[in-house]
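Count residues from 1 along the sequence.
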Amino acid sequence: MDTCLLILCGLPACGKTTLAKRLKASPEFKSIYHVVHLSYDDLMPDNITALLTEKPNLVQQGAANWKKYREDIVLCVENILKTFPNGKAEIPVNVCPDLWAKINNSFMQDMKKEEFHLLVIIDDNMYYQGMRYPFYQLARKYSIGFCQVYLECNIELALKRNNHRPNPIPEEVIHTMASKFEPPSPSERNWEVHSLYIKDQTICCLDDVLALVDNARQNKAAPLSDNVELRQISRVKCSISTLHQADQILRKLVSGKMSDLGEYF
């Protein structure tokens, strides 16, 4: 069984969850993959959203809890990947049991035979590239596939769709997110090489996403090395730095001595 992580990122209401459901229901995907859909909207507690958007005096507390939940989601996914599909994964230390149960149940739902590959869809705004990078590190650590789909959506459309939601996000949050969004950029960040932009998913061909996932699965993220070369380079740089500092000190001493001698000539 090969594994691939697929990140769906974009503004709120851009259609990430809709696409994830289409992928999971697609006969092409179902014939190859055991698809796990992890939506942050379902995993993050509502009270954290309220703290961040409705109660300015508690923003700091909400941000701390929000950050921990995001970190815990990565920990849960990692613990399950370690033993999936045969072993029994253990809940990480200090992780909310409810969060663990939701993620673990998502992996075990509609479990398929071992000959199927595993596709884990991470469905979240992920507006900073640093939010996506922990999953790439996970892919490197376990030598699995990693890819991203960015759903482009202009802010007017996102706001319109958001207003039709049962629990809309405050408009200023969407505006702020849009101003800070860092889409995948393979030309700037090599780890984002397996990325796909979708401007209008109503005409999106699922074959393009399937091709992306297959390519990423077959060309797994480069495994983490033992960093021997990096340590050697670091030592060389350190040695050069030490020599440079010694040279600067020596130059100052010589200059001082020359100044002292100048008094006698």
Side-chain angles (χ1 to χ4, degrees), residues 1-43 73-74 77 80-81 84 103 106-107 109-113 115-129 131-140 142-154 157-158 161 181-222:
M1 171 184 280
D2 287 336
T3 299
C4 185
L5 300 177
L6 168 60
I7 308 294
L8 300 183
C9 61
L11 290 176
C14 69
K16 298 181 296 297
T17 300
T18 299
L19 176 58
K21 291 178 178 179
R22 289 179 63 194
L23 295 176
K24 190 165 185 177
S26 166
E28 290 80 9
F29 273 85
K30 290 170 69 174
S31 65
I32 302 173
Y33 292 97
H34 171 58
V35 182
V36 176
H37 175 208
L38 300 179
S39 170
Y40 275 47
D41 285 346
D42 297 332
L43 299 176
I73 289 172
V74 178
V77 172
I80 294 173
L81 290 179
F84 192 85
I103 294 177
S106 294
F107 273 83
Q109 185 180 14
D110 301 324
M111 185 59 196
K112 296 180 179 179
K113 297 179 181 178
E115 59 263 25
F116 282 82
H117 300 303
L118 173 64
L119 174 63
V120 183
I121 302 175
I122 308 297
D123 169 4
D124 183 49
N125 303 309
M126 298 278 184
Y127 55 96
Y128 284 136
Q129 59 90 14
M131 294 176 174
R132 306 187 293 268
Y133 191 69
F135 284 103
Y136 174 70
Q137 290 179 307
L138 201 61
R140 291 195 68 189
Y142 294 98
S143 297
I144 60 180
F146 174 86
C147 56
Q148 303 172 109
V149 171
Y150 169 53
L151 283 82
E152 293 186 78
C153 179
N154 64 63
L157 180 58
R161 290 175 174 173
F181 212 104
E182 297 174 349
S185 180
S187 61
E188 296 179 5
R189 298 181 285 269
N190 290 336
W191 60 273
E192 296 190 303
V193 62
H194 297 297
S195 298
L196 176 66
Y197 278 43
I198 296 178
K199 291 186 177 182
D200 184 358
Q201 71 158 304
T202 59
I203 58 174
C204 168
C205 180
L206 293 184
D207 289 343
D208 293 337
V209 182
L210 179 59
L212 174 74
V213 172
D214 283 344
N215 190 27
R217 175 177 59 80
Q218 295 168 17
N219 296 276
K220 300 175 178 59

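- Side chains of R132 and R189 form a contact here, defined as non-hydrogen atoms less than 4.5 Å apart.
- Using cut-offs of 30° and 60° for the angle between ring planes, the W191 and Y133 rings count as perpendicular.
- Contact detail for P12 and A158: the closest heavy-atom pair is O-CB, 3.6 Å.
- Within the 3.5 Å criterion, the main-chain N or O of G10 finds a donor-acceptor partner in the side chain of K16.
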- Going through the checks in order, is the side-chain contact (heavy atoms from CB on, under 4.5 Å) test met by I80 and V120? CA-CA 11 Å; I80 294 173; V120 183; over 6 Å; no

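- The NZ atom of K199 lies 5.5 Å from the CD atom of E152; values are rounded to the nearest 0.5 Å.
- Here the straight-line distance linking atom CG of D124 with atom CE of M131 works out to 7.5 Å at 0.5 Å rounding.
- Judged purely by atom type and a 3.5 angstrom limit, E182 uses its side chain to pair as donor or acceptor with the backbone of Q129.
- Judged as a salt bridge (Lys or Arg N to Asp or Glu O under 4.0 Å), and not counting sequence neighbours, the contacts of R217 are D2, D214.
- With rounding to the nearest 0.5 Å, the separation of CD1 in I144 from CG in L138 is 5.5 Å.
- Shortest non-hydrogen contact noted between P184 and Q148 is CB-NE2, 3.7 Å.
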- R161 and C153: side-chain contact (heavy atoms from CB on, under 4.5 Å), yes or no, with the steps? CA-CA 11 Å; R161 290 175 174 173; C153 179; 4.3 Å; yes

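- Summarising the geometry, atom CG belonging to N219 is positioned 11.0 Å from atom SG belonging to C147; distances are rounded to the nearest 0.5 Å.
- Closest non-hydrogen pair, F107 versus F84, comes out as O-CE1, 3.8 Å.
- Separating the CD1 atom in I121 from the SG atom in C4 is a distance of 10.0 Å, to the nearest 0.5 Å.
- Atoms CD1 and CG, from I73 and L38 in turn, are 8.0 Å apart once rounded to the nearest 0.5 Å.
- Summarising the geometry of Y136 relative to F146, their closest heavy-atom pair is N-CE1, 3.6 Å, with the distance given to 0.1 Å.
- Of the residues listed (T3, L210, L118), the one engaging Y33 in a side chain to side chain contact (heavy atoms under 4.5 Å, CB included) is L210, and it is the only one.
- In this structure, L11 and N125 approach most closely via the heavy-atom pair C-OD1, 3.7 Å.
- Two residues are said to be in side-chain contact when any heavy atoms from C-beta on lie closer than 4.5 Å; L6 and L23 meet this criterion.
- Residue K24 places its NZ atom among more than 12 non-hydrogen atoms of other residues, nucleotides or ligands, all under 6.0 Å distant.
- The aromatic rings of Y150 and F181 are tilted relative to each other, their planes meeting at an angle between 30° and 60°.
- For the pair V213/F29, a side-chain contact is recorded, criterion being any heavy-atom separation below 4.5 Å from C-beta on.
- Across all non-hydrogen atoms, the minimal contact from S195 to L212 is N-CD1, 3.8 Å.
- By the side chain to side chain contact (heavy atoms under 4.5 Å, CB included) test, S39 is found to be paired with T17, H37, D41, D42, D123, residues two or more places apart in sequence or in another chain being considered.
- Looking at L19 and I198, their side chains come closer than 4.5 Å, going by heavy atoms from C-beta outward.
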